[in-house]
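Indexing begins at 1, ligand by ligand and atom by atom, following the structure's order.
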Amino acid sequence: MSHLETDLLHQGEFCDKQYNSISTPIYQTATFHSEGPDSNPEYKYSRYSNPTRKALEDSLNALEGGFQAFATTSGNAAIHLVLTLLKSGDHVICGKEVHGGTHLLIKDLMGKFGVEATFLDLQDIAAVKASVKTNTRIIWVETPTNPLLKTVDIAAMASIARHAKAWCVVDNTLMTPFWQRPMDFGADIVVYSSTKYLNGHSDVISGAVVAKTEHIANQLQYWVSLLGVAESPTDAWLVLRGMKTLPQRLKVHAYNTEHIVDFLVNCPYVKNVHYPGLADASQWELFNKQQKSFGGIVCFEVDLDALDLNTFIKSLEYFKFSHSSGGTISNISYPWSTSHNCLNEDVRRSAGVTPGLLRLSPGLEHYDDLIKDLQRAFNLAAKECVLV
Ligand SMILES: *Cc1c(COP(=O)(O)O)cnc(C)c1O
């Protein structure tokens, strides 16, 4: 294998045999005709498989070190697809700080079909071991966690899963294979919202599942074809194109984030900054083993007595208030009322989502402009009683 920068440009890509185009064509077709009933062409119907989608899947699979990848219509569709591996009476262990949709699909959708779930802090390895039951089939990991960005030990989770004859699933959306390869630490399945960094341009909703073994892949292939959750050729092409610049984009996202963290830790309106680079030393060994960067997201808690949160958000020019992350344009979100608002208040608070918590996903602007933007908004939103 060459360096990832090189592989991303060459893996999975294939030229059309007719004209030798350098870019993978978009095979925008519902079906493929064949000679007749006795022939068995590679592609039959785009709900099952499609050459453009296959190029994306092969690229992602090679980067991740899996057996087979599946590109889906959204990150949530990818999560749902993995959950089809379960049956009534099974049990899932899931981190309590995960994407809100993951929590609800496990609790509400799978709950309807008789799947039990335990949500807990996966940094507490003893508690995870203690919560394993004879019917545990999946340990669902998100690391760094969302939104507090704590590091979960993938190898420890995979080892507990292996002993329980369960699968270790890792949602690798925030790290991507450039910074973290969960299968190197024993994960059986990796899940993505490629809406975020993989595509990276905020112009497509998309997801993916990578399976480590043929056994898992065969089951997923069955369900992906049947459910109709496979990604459209055009959306797959957009993700494939976005991924070509993944390493270059990620380096800038991480660099900008580091500068913004330096600014936030010295800011009088900020009570608490959550960023892996600020974690206490006990985390560092795990961190160095598992991931290659502190990432491109930072969360912080503002002092609501000193700052008007609404004015702060509305005063920002470059940080757009929206529901996503990982795009070229900087994003600010408010987990309390957006990504985590579907959870009840107790669950939110226990996952560290408080009314003063904000999340930044710095884009590719110059960090200097981003810091000035934050400073200006802090000044405008400062409550007067604090200024005097
Ligand atoms: C956004 C997100 C999802 C859901 O992905 P969609 O593409 O919005 O369906 C899942 N997991 C994580 C970690 C996410 O950030």
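Ring geometry for Y367 versus Y255: interplanar angle over 60°, hence perpendicular rather than tilted (30 to 60°). Aromatic ring pairs are classed by plane angle as parallel below 30°, tilted from 30° to 60° and perpendicular above 60°; the pair H103 and F119 is parallel.
Proximity of the aromatic rings of Y334 and F321 is defined here by a centroid distance below 6.0 angstrom, and this criterion is not met. Not less than 6.0 angstrom separates the ring centroid of F32 from the ring centroid of Y45. Aromatic rings from Y197 and Y192 are positioned such that their centres are separated by 6.0 Å or more.
In summary, E116 and K133 engage in a salt bridge, as defined by a charged side-chain N under 4.0 Å from a carboxylate O.
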For ligand 1, what N or O to protein N or O distances fall under 3.5 Å?
| unit_1 | atom_1 | unit_2 | atom_2 | d |
| --- | --- | --- | --- | --- |
| ligand 1 | 5 (O) | S193 | OG | 3.0 |
| ligand 1 | 7 (O) | G75 | N | 2.9 |
| ligand 1 | 7 (O) | S193 | OG | 2.9 |
| ligand 1 | 7 (O) | T195 | OG1 | 2.6 |
| ligand 1 | 9 (O) | G75 | N | 3.0 |
| ligand 1 | 9 (O) | N76 | N | 2.9 |
| ligand 1 | 11 (N) | D171 | OD2 | 2.8 |
| ligand 1 | 15 (O) | K196 | NZ | 2.7 |

